**Q** 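I'd like to ask some things about the structure below.
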Amino acid sequence: MRQIGWTAFAAGCDGVFPGIAFAAAAPEARGVPSAAVNAFLDAAAVGAFELHSLVVMRAGMPAVRAWWAPYRAQAPHSLYSLSKSFTSTAVGFAVAAGKLKLTDKVVDFFPEQKPAQVSENLAALNVEHLLTMSVGQAGDAAPVITHEQDWVKTFLALPIQSPPGSVFLYNSAATYMLSAIVQKLTGERVVDYLRTRLFDPLGLPPMRWSECPRGINTGGWGLSATTDAISKFGQFYLQKGRWNGKQLLPREWIEQATSFKIQPPPGPGQDLAQLKKDSDWHQGYAYQFWRCRHDAFRGDGAFGQFCIVIPALDAVVAITSRTLDMQGVINLVWEHLLPGLREAAQPVDRAASDHLRTRLAGLALALPEGSAASPQAVAHRDFAIESNALGVRGLTIAFDSGRCRLGFDTGGKLHTIDCGIGRWRDGETELPGTPPEWTEVVGTYVNPRHPAKIAAAGAWKDANTFQMRWRYYETPHLDEVTLHFSDDGVEVSFLNSLTQMAAAVHPETRPVLKGKARS
């Protein structure tokens with residue numbers, strides 16, 4: 001296994017802003033056939049997947065780097081539960097520094113927030129139980145604690161039905177508790193604690209991580225990172241904690257953190273033996289890492305955010321995407337990329353390589369379908385909006401030379417969306433209700449909030465209907481926004497991608513905005 005650092009990594013890449021970046025050499029130079037990558041892209045294109053980026057590392061160097069416009073190399077992407085693996089790493093640094101032990105009891109860190117009566121199971125709960133998702137609670141506590149101001153106190157007050165360590169149950173709040181423990185011991189948020197110990201040595205850009213009301217990083221979710229940062233994080237683990245000739249994190253911790261610790265149980269009516277053949281969610285759980293088939297391990301997050309480490313083949317695969325079929329994405333890696341990986345460089349398949357390079361240069365997510373022609377009657381309009389839950393009072397709409405510019409007036413603040421027609425136009429917004437958030441996973445509290453980066457494009461569906469797609473390219477999510485014009489009015493309807501994917505779980509709650517033209 002070749003060990004690398006930031007200098008070698010940077011020298012092996014060239015980037016094209018904003019959307020596409022390439023490895024400097026053909027993938028074959030890194031032991032990855034272009035034909036295998038083409039097969040992966042072919043399968044992804046016809047599956048229920050929307051890929052946003054792909055980075056394949058082989059022998060310590062990037063073999064493939066690609067982004068689907070309007071996603072781009074320089075933009076961080078929300079990681080959802082892939083954040084957990086970073087929190088686990090912070091725990092590893094704290095253990096290595098002698099600040100805590102895996103056997104330390106959780107209640108001992110929070111004497112002022114523990115309940116008056118500490119149950120036997122709560123008293124037994126230790127740091128390793130949090131790491132292995134074996135708290136013993138009946139369900140994920142994250143949607144419960146995030147409705148409160150004191151998440152630690154709420155977590156400790158919840159009943160623990162099973163003895164800690166006895167049962168695996170995925171629990172994002174357990175990872176939050178790890179974040180809270182690290183901050184309690186070090187006086188630093190996890191994102192700051194990792195900055196000097198991991199992020200700076202790996203040459204990673206500034207990171208953004210959501211916080212609870214008390215200023216503790218959410219731990220189990222909320223971190224945003226670029227795909228290159230994800231791949232370097234995986235490479236750091238592949239190199240057993242060593243970077244640029246320095247052992248940043250003990251090799252023993254890396255091996256402990258990524259080895260089998262507990263068996264995720266089968267669901268009702270499922271056969272564990274069969275699941276162990278087909279499912280990468282039943283190979284075992286480690287310290288906030290999943291074990292995988294092919295003796296690999298990974299961190300992953302909702303909607304298809306992956307850092308897959310394959311030690312036997314000296315490879316890392318980093319993916320960001322929007323999908324509910326996360327197993328399907330991993331299957332693409334096993335079925336199309338894995339068989340092609342080789343120990344050493346291979347002869348370049350020139351036809352496949354040229355096809356791949358052209359293909360990567362043109363990767364893009366679909367634009368809204370329709371006409372670019374703009375009816376003159378709505379070239380510029382100003383509307384008074386009926387009272388609504390979003391607080392929008394007025395709306396201006398202007399069409400000109402290939403774009404639509406919208407101004408949402410929320411009473412003292414104007415939220416402007418610049419939407420291309422037949423192309424993406426970049427901007428940012430703080431319009432209420434944007435960007436969509438999977439509150440069923442991360443709860444209702446997200447802080448601090450930042451203006452959402454947005455790429456918007458639209459098209460005319462008919463003479464009275466203009467449909468836009470607002471892609472929040474630092475998240476997996478998007479909004480479909482439709483303007484429907486009448487003689488003297490407009491209706492604005494919203495449909496977020498979470499509702500498109502799972503309406504029964506996450507219905508669209510934003511109202512249709514109804515407006516009348518101002519004279």
Side-chain angles (χ1 to χ4, degrees), residues 81 83-85 87-88 90-92 94-186 190 212-214 216-221 253 256-257 259-268 272 281-282 284-291 441-443 445:
S81 286
S83 308
K84 291 178 170 66
S85 301
T87 301
S88 169
V91 173
V95 169
K99 294 184 178 296
L100 81 160
K101 301 185 296 295
L102 298 184
T103 54
D104 287 343
K105 299 298 189 284
V106 173
V107 291
D108 292 343
F109 295 109
F110 308 104
E112 297 179 357
Q113 292 157 289
K114 67 182 182 182
Q117 298 295 321
V118 175
S119 69
E120 181 180 350
N121 284 342
L122 177 59
L125 182 67
N126 66 29
V127 171
E128 188 168 30
H129 298 140
L130 298 177
L131 283 167
T132 58
M133 296 292 188
S134 58
V135 173
Q137 292 172 335
D140 186 354
V144 178
I145 69 171
T146 53
H147 284 81
E148 306 297 332
Q149 287 297 302
D150 189 334
W151 294 8
V152 168
K153 183 177 181 179
T154 304
F155 179 90
L156 296 176
L158 293 174
I160 298 179
Q161 286 85 351
S162 303
S166 64
V167 179
F168 173 89
L169 189 142
Y170 198 74
N171 192 335
S172 293
T175 321
Y176 166 76
M177 293 298 292
L178 293 170
S179 175
I181 289 169
V182 171
Q183 184 162 332
K184 185 73 176 288
L185 293 174
T186 67
V190 166
C212 77
R214 295 195 166 201
I216 301 167
N217 288 139
T218 46
W221 67 95
W253 173 265
Q256 185 178 2
S259 62
F260 181 100
K261 293 293 181 295
I262 191 168
Q263 178 64 56
L272 182 59
W281 271 265
H282 291 84
Y285 198 71
Y287 290 166
Q288 310 285 294
F289 288 89
W290 295 90
R291 294 295 306 173
V441 174
V442 302
Y445 185 88

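Quantities reported herein were computed from a predicted structural model and do not represent experimental measurements.
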**Q** Going by the rule side chain to side chain donor-acceptor pair (under 3.5 Å), which residues pair with T175 if we only count those two or more places apart in sequence or in a different chain?
**A** Q288
**Q** Restricting to pairs with a member in residues 107-140, which pass ring-ring contact (aromatic ring centres under 6.0 Å, His included), not counting sequence neighbours?
**A** none
**Q** Can you sort out the partners of A123 under side chain to side chain contact (heavy atoms under 4.5 Å, CB included), two or more places apart, ordered by chain and number?
**A** V118
**Q** Quick one: does any side-chain atom of K261 pair with a main-chain N or O of Y285 as donor and acceptor, under 3.5 Å?
**A** no
**Q** So which atom in H282 and which in Q263 form the shortest heavy-atom distance, rounded to 0.1 Å?
**A** O-NE2, 3.1 Å
**Q** Quick one: list whatever passes side chain to side chain contact (heavy atoms under 4.5 Å, CB included) with L169, sequence neighbours left out.
**A** none
**Q** Indicate whether any N or O donor in one side chain lies under 3.5 Å from an N or O acceptor in the other, for Y176 and T146.
**A** no
**Q** Applying side chain to side chain contact (heavy atoms under 4.5 Å, CB included), name anything that partners S85, two or more places apart in sequence or on another chain.
**A** L82, F233, F289
**Q** Can you tell me how far CG of L178 sits from CD1 of I216, rounded to the nearest 0.5 angstrom?
**A** 12.0 Å
**Q** Among all residues two or more places apart in sequence or in another chain, which pass the side chain to side chain contact (heavy atoms under 4.5 Å, CB included) test with P143?
**A** D140
**Q** Please tell me if the side chains of Q149 and R214 come closer than 4.5 Å, counting only heavy atoms from C-beta onward.
**A** no
**Q** How would you list, by chain and number, every residue that makes a side chain to side chain donor-acceptor pair (under 3.5 Å) with S166, sequence neighbours excluded?
**A** none
**Q** Does any non-hydrogen side-chain atom of L122 lie less than 4.5 Å from one of P115?
**A** yes
**Q** What closest approach, in Å, do V135 and L130 show between heavy atoms, and which atom pair accounts for it?
**A** CG2-CD2, 3.9 Å
**Q** Please name all residues satisfying side chain to side chain donor-acceptor pair (under 3.5 Å) with T132, sequence neighbours left out, ordered by chain then number.
**A** S134
**Q** Hey, what's the ring geometry for Y287 with W253, parallel, tilted or perpendicular (30° and 60° as the breaks)?
**A** tilted
**Q** Return the set of residues passing ring-ring contact (aromatic ring centres under 6.0 Å, His included) with F260 (not counting sequence neighbours), or none when no residue passes.
**A** none
**Q** Using side-chain heavy atoms (C-beta onward) and a distance below 4.5 Å, is L102 in contact with Q256?
**A** yes
**Q** For residues Q161 and P159, report the shortest heavy-atom separation together with the two atoms involved.
**A** OE1-O, 3.4 Å
**Q** For K101, enumerate each residue passing the side chain to side chain donor-acceptor pair (under 3.5 Å) test, keeping only those at least two apart in sequence or located in another chain.
**A** D104
**Q** Can you run down the salt bridge (charged side-chain N to carboxylate O under 4.0 Å, His left out) pairs that involve residues 108-128, sequence neighbours left out, and say none if there aren't any?
**A** none
**Q** Are N121 and P164 packed together at the side-chain level, in the sense that at least one heavy-atom pair is separated by less than 4.5 angstrom?
**A** yes
**Q** Determine, step by step, whether V91 and V182 satisfy the side-chain contact (heavy atoms from CB on, under 4.5 Å) criterion, reporting the C-alpha distance in whole Å, the side-chain angles of both residues, the deciding distance to 0.1 Å, and the verdict.
**A** CA-CA 7 Å; V91 173; V182 171; 4.0 Å; yes
**Q** V190 and S179: which non-hydrogen atoms are nearest, and at how many Å?
**A** CG2-OG, 3.5 Å
**Q** Below 3.5 Å, can you tabulate the donor-acceptor pairs from side chains in residues 151-158 to any protein atom, sequence neighbours excluded?
**A**
from	atom 1	to	atom 2	distance (Å)
W151	NE1	I145	O	3.2
W151	NE1	E148	O	2.9
T154	OG1	D150	O	2.9

**Q** Do K99 and T186 have side chains that get closer than 4.5 Å, going by heavy atoms?
**A** yes
**Q** For the residue pair L100 and A94, what are the closest heavy atoms and their distance?
**A** CD2-CB, 3.1 Å
**Q** Can you name the closest pair of heavy atoms from P264 and G284 and give their distance?
**A** CD-CA, 3.7 Å
**Q** So how far is it from Y170 OH to M133 CE, rounded to the nearest 0.5 Å?
**A** 5.0 Å
